[in-house]
Amino acid sequence: MADPLLEIRDLKVSFRTDDGLVRAVDGVSATLYPGETLGIVGESGSGKSVTMMSVMRLITDPNAQFEGEVIYKGTNLMGLTQDQIRSIRGAGIGMIFQDPMTSLNPVYKVGWQIEEQIREHDKVSRQAARDRVIQLLTSVGIPNARERVDAYPHQFSGGMRQRVMIAMAISCNPDVLIADEPTTALDVTIQAQILGLIKKLREEHGTAVVLITHDMGVVAEMADRIAVMYAGRIVEQGTHRELFYDPLHPYTWGLLGSIARLDRPRPRRLTAIPGLPPSLMRLPPGCAFADRCAHRFAKCEEQRPELLDRSGSGHLDACHLSIQQKREIRDQEVHPELVEEKQ
């Protein structure tokens with residue numbers, strides 16, 4: 001196997017507030033290999049975006065505290081100065097931000113904003129940069145790119161602004177593309193087109209992709225490996241097939257159970273995970289999911305489960321239940337059709 005492009009090693013991010021210390025990311029580790037897509041899923045507030053914003057060194061709040069390492073091509077990004085990390089942003093690691101309207105500067109033309117990044121990393125003339133911008137806008141499906149290059153962000157629809165963000169993210173052919181909720185607030189047709197663009201980029205340029213989302217349907221279509229986050233921690237990590245056909249953590253069961261299935265009778269209501277995530281200022285000593293889990297027992301309340309390979313296949317999970325217990329419970333909750341077939 002090739003060496004990983006990006007390694008996150010025991011990353012911790014916390015914020016000092018008047019009410020206490022907020023542990024937004026609590027010991028996250030992950031790897032990304034060339035040409036693969038890593039999906040990161042979880043509820044809002046689980047730490048997905050903060051993790052990747054920390055990788056990009058975009059969190060400059062003086063109250064933020066960081067621990068751990070982020071290794072990109074042998075270099076620890078957490079030890080670089082802002083001037084040094086600026087040379088990697090865009091050229092080595094690109095990012096599609098969650099809200100293109102607030103990520104684009106409203107007082108500058110979209111073409112100028114993309115051109116600025118190209119000229120920062122590649123020493124080319126203004127005309128050559130402009131020609132590349134027009135080519136990029138055309139490649140991401142913006143019609144009449146030669147005219148639209150001089151338009152302002154407010155003159156584009158939500159889907160078109162997201163395409164501009166993709167063009168900006170790929171303008172310097174980065175090795176790693178981080179896509180933070182790239183289809184939020186877009187209708188299903190535009191969503192499919194945006195995901196198609198990201199797939200095309202990976203296939204044509206071998207770009208590795210980190211896809212942040214709360215949509216299990218999106219990761220089912222896009223991801224090779226998936227990490228499930230809850231309360232700032234990864235609670236399960238495995239291949240696409242392992243997460244969908246052999247999920248081992250009760251939180252993952254809840255996420256999968258909340259999806260409407262076309263191959264089953266229509267339910268009266270979708271299954272919901274009861275309760276709310278815990279406060280990141282007052283995390284419990286045991287499993288953070290215990291209060292919402294129907295299968296908790298005394299050990300769950302007292303001892304934090306480690307993220308381990310309990311199955312021996314490389315499939316990681318953080319749950320005290322035995323593998324046999326997990327699969328018996330899961331088959332009843334997530335895959336009842338498999339139980340019916342056995343009977």
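Along the sequence shown, residues carry numbers from 1.
Under a cut-off of 6.0 angstrom, the local environment of CG in Leu276 is sparse, with at most 12 non-hydrogen atoms contributed by other residues, nucleotides or ligands. Within a 6.0 Å radius of CZ in Arg16, other residues, nucleotides and ligands contribute more than 12 heavy atoms. The neighbour count for Arg57 CZ, taken as heavy atoms of other residues, nucleotides or ligands under 6.0 Å away, is above 12.
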Which pairs would a plain distance check flag for residues 188-199, meaning a side-chain donor or acceptor within less than 3.5 Å of a matching protein atom at least two apart in sequence or in another chain?
| from | atom 1 | to | atom 2 | distance (Å) |
| --- | --- | --- | --- | --- |
| Gln193 | OE1 | Arg163 | NH2 | 2.3 |
| Lys199 | NZ | Glu221 | OE2 | 3.4 |

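Sorted by first and then second residue, the pairs that involve residues 69-82 and meet side-chain hydrogen bond (donor to acceptor under 3.5 Å, both in side chains), not counting sequence neighbours, are Arg9-Glu69, Tyr72-Asp175, Lys73-Asp175, Thr81-Gln84, Gln82-Arg89.
Residues that satisfy the side-chain contact (heavy atoms from CB on, under 4.5 Å) test with Arg304, not counting sequence neighbours, are Asp26, Arg233. Residues passing the ring-ring contact (aromatic ring centres under 6.0 Å, His included) test with His121, sequence neighbours excluded: none. Among residues two or more places apart in sequence or in another chain, the side-chain contact (heavy atoms from CB on, under 4.5 Å) test is passed with Ala169 by Ile96, Leu177. Residues passing the side-chain hydrogen bond (donor to acceptor under 3.5 Å, both in side chains) test with Gln113: none are found, sequence neighbours excluded. For Arg282, there are no salt bridge (charged side-chain N to carboxylate O under 4.0 Å, His left out) partners at least two apart in sequence or on another chain. By the ring-ring contact (aromatic ring centres under 6.0 Å, His included) test, Phe66 pairs with no residue at all, sequence neighbours left out. Judged as a side-chain hydrogen bond (donor to acceptor under 3.5 Å, both in side chains), and not counting sequence neighbours, Glu120 has no contacts. Every residue was checked against the side-chain hydrogen bond (donor to acceptor under 3.5 Å, both in side chains) condition with Gln98, not counting sequence neighbours, and none meets it. A search for side-chain hydrogen bond (donor to acceptor under 3.5 Å, both in side chains) contacts involving Gln324 returns Glu328, not counting sequence neighbours.
In this structure, Leu248 is not a member of the same hydrophobic cluster as Phe244, with clusters built from ILVMFWY side-chain heavy atoms closer than 4.5 Å. A single hydrophobic cluster is not seen to contain both Tyr108 and Val110; linkage of ILVMFWY side chains at heavy-atom distances under 4.5 Å, directly or through other members, places them apart. In the hydrophobic clustering of this structure, Val235 groups with Ile273; members are Ile, Leu, Val, Met, Phe, Trp, Tyr whose side-chain heavy atoms approach within less than 4.5 Å, directly or through other members. Under the 4.5 Å side-chain heavy-atom criterion for grouping Ile, Leu, Val, Met, Phe, Trp and Tyr, Val228 is not connected to Ile323 through any hydrophobic cluster. Clustering ILVMFWY residues whenever any of their side-chain heavy atoms sit less than 4.5 angstrom apart, transitively, puts Val133 in a cluster other than the one holding Tyr152.
Residue Leu21 shares its hydrophobic cluster (ILVMFWY side chains chained together at separations under 4.5 Å) with no other residue.
Taking CE of Met216 as the start and CG of Leu255 as the end, the distance is 5.5 Å to the nearest 0.5 Å. From Ser49, atom OG reaches atom CG of Leu58 across 11.5 Å, with rounding to the nearest 0.5 Å. Separating the CD atom in Glu147 from the CG atom in Leu137 is a distance of 11.5 Å, to the nearest 0.5 Å. The distance from the CG atom of Leu308 to the OG atom of Ser311 is 11.0 Å, given to the nearest 0.5 Å. Separating the CG atom in Leu280 from the OG atom in Ser14 is a distance of 11.0 Å, to the nearest 0.5 Å. Going from atom CD1 of Ile71 over to atom OG1 of Thr31 covers 12.5 Å, rounded to the nearest 0.5 Å.
Looking only at side-chain heavy atoms (C-beta outward), Val55 and Val176 stay at 4.5 Å or farther from each other. Using a 4.5 Å cut-off on side-chain heavy atoms (C-beta onward), Met222 and Thr213 make no contact. Looking at heavy atoms from C-beta onward, Leu211 lies in side-chain contact with Pro182 at the 4.5 angstrom threshold. Side-chain atoms of Pro143 and Met160, non-hydrogen and from C-beta on, do get closer than 4.5 Å to each other. No side-chain heavy atom of Val149 sits less than 4.5 Å from a side-chain heavy atom of Lys109. Inter-residue side-chain proximity for Met56 and Leu77 is flagged as unmet; no heavy-atom pair is nearer than 4.5 Å. Inter-residue side-chain proximity for Glu181 and His214 is flagged as met; some heavy-atom pair is nearer than 4.5 Å. Between Val140 and Gln162, the closest side-chain pair of non-hydrogen atoms is not below 4.5 Å.
Side-chain atoms of Arg148 come within 3.5 Å of backbone atoms of Gln155 as a donor-acceptor pair (strictly under, hydrogens ignored). Remark: the backbone N or O of Gly42 is paired with a side-chain donor or acceptor of Lys48 at under 3.5 angstrom. A donor-acceptor pair under 3.5 Å is formed between the side chain of Gln117 and the backbone N or O of Met168. In this structure, His249 contributes its side chain and Cys319 its backbone to no donor-acceptor pair below 3.5 Å. Between the side chain of Ser29 and the backbone N or O of Asp10 there is at least one donor-acceptor pair closer than 3.5 Å. For the pair His240 (side chain) and Ile226 (backbone), a donor-acceptor distance under 3.5 Å is absent. Within the 3.5 Å criterion, the main-chain N or O of Cys287 finds no donor-acceptor partner in the side chain of Arg296. Side chain of Asp99 to main chain of Ser103: no donor-acceptor pair is present (N/O by atom type, distance under 3.5 Å, no hydrogens or angles).
Salt-bridge check for Asp150 with Arg130: passed, with a basic side-chain N closer than 4.0 Å to an acidic carboxylate O. Ion pairing between Arg330 and Asp246 holds under the 4.0 Å rule for side-chain N and carboxylate O.
For the pair Ser54 and Ile59, the tightest heavy-atom approach, listed with the atom from each and the gap, is OG-CD1, 3.5 Å. Summarising the geometry of Pro278 relative to Leu283, their closest heavy-atom pair is CG-CD2, 4.0 Å, with the distance given to 0.1 Å. The two residues Ala145 and Thr138 make their nearest non-hydrogen contact at CB-OG1, 3.3 Å. Closest approach of Leu136 to Ala167, counting heavy atoms only: CD1-O, 3.9 Å. Heavy-atom minimum distance, Val28 versus Gly232: CG2-O, 3.6 Å. Taking each heavy atom of Gly238 and Leu243 in turn, the nearest pair found is N-CD2, 3.3 Å.
Between Tyr230 and Phe289, the ring planes lie perpendicular to each other; the angle is over 60°, past the 30° to 60° tilted range.
Here the rule is side-chain hydrogen bond (donor to acceptor under 3.5 Å, both in side chains) with Tyr251, and of Arg292, Glu236, Glu43 only Glu43 fits it.
If you check the side chains of Asp131 and Gln127, you find a donor sitting under 3.5 Å from an acceptor.
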task: Test Thr17 against Asn63 for side chain to side chain contact (heavy atoms under 4.5 Å, CB included), laying out the working first.
output: CA-CA 8 Å; Thr17 71; Asn63 291 311; over 6 Å; no
